[in-house]
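Reading through the structure tokens given below for one structure.
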Amino acid sequence: MLVNSSASVIKAILSADLLDRLYLMIFPEIAGGGQRLFDDGLPASKWTLTHQETGELGEIAMVYDRVR
């Protein structure tokens, strides 16, 4: 499942405990307002960073796996 820029959908999926792997991409050159993804903190779960890459423009791609 791919969800782009929809914090409310991602929060609902995380709250329902339906994810085993989370891919995050952070682009520092994009600025603006909007709803924060983790403004209230993370749901009570544990995750392990399994992969990380940094691009030429400072973007970061991270893969987190759920610890069960």
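What you see is a predicted model; the values in this text were computed from it and never measured. These values consider heavy atoms only, across backbone and side chains, with no hydrogens, waters or symmetry-generated copies. This chain uses plain numbering: 1 for the first residue, then up along the sequence.
- How far CG of L24 is from CG of L49: 9.5 Å, rounded to the nearest 0.5 Å.
- Cluster note: Y23 groups with V63 through ILVMFWY side-chain heavy atoms spaced under 4.5 Å, whether in direct contact or through intervening members.
- Listed by chain and residue number, Q52, T54, M62 satisfy the side-chain contact (heavy atoms from CB on, under 4.5 Å) test with I60 (two or more places apart in sequence, or in another chain).
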Discussion item. If you apply the rule side-chain contact (heavy atoms from CB on, under 4.5 Å), what do you find for L19 with W47, and how did you get there?
Written reply: CA-CA 11 Å; L19 289 180; W47 297 83; 4.0 Å; yes
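- The minimum heavy-atom distance between E59 and E56, with the atom names listed, is OE2-N, 3.7 Å.
- Take R21 and apply the side chain to side chain donor-acceptor pair (under 3.5 Å) test, not counting sequence neighbours, and it matches D65.
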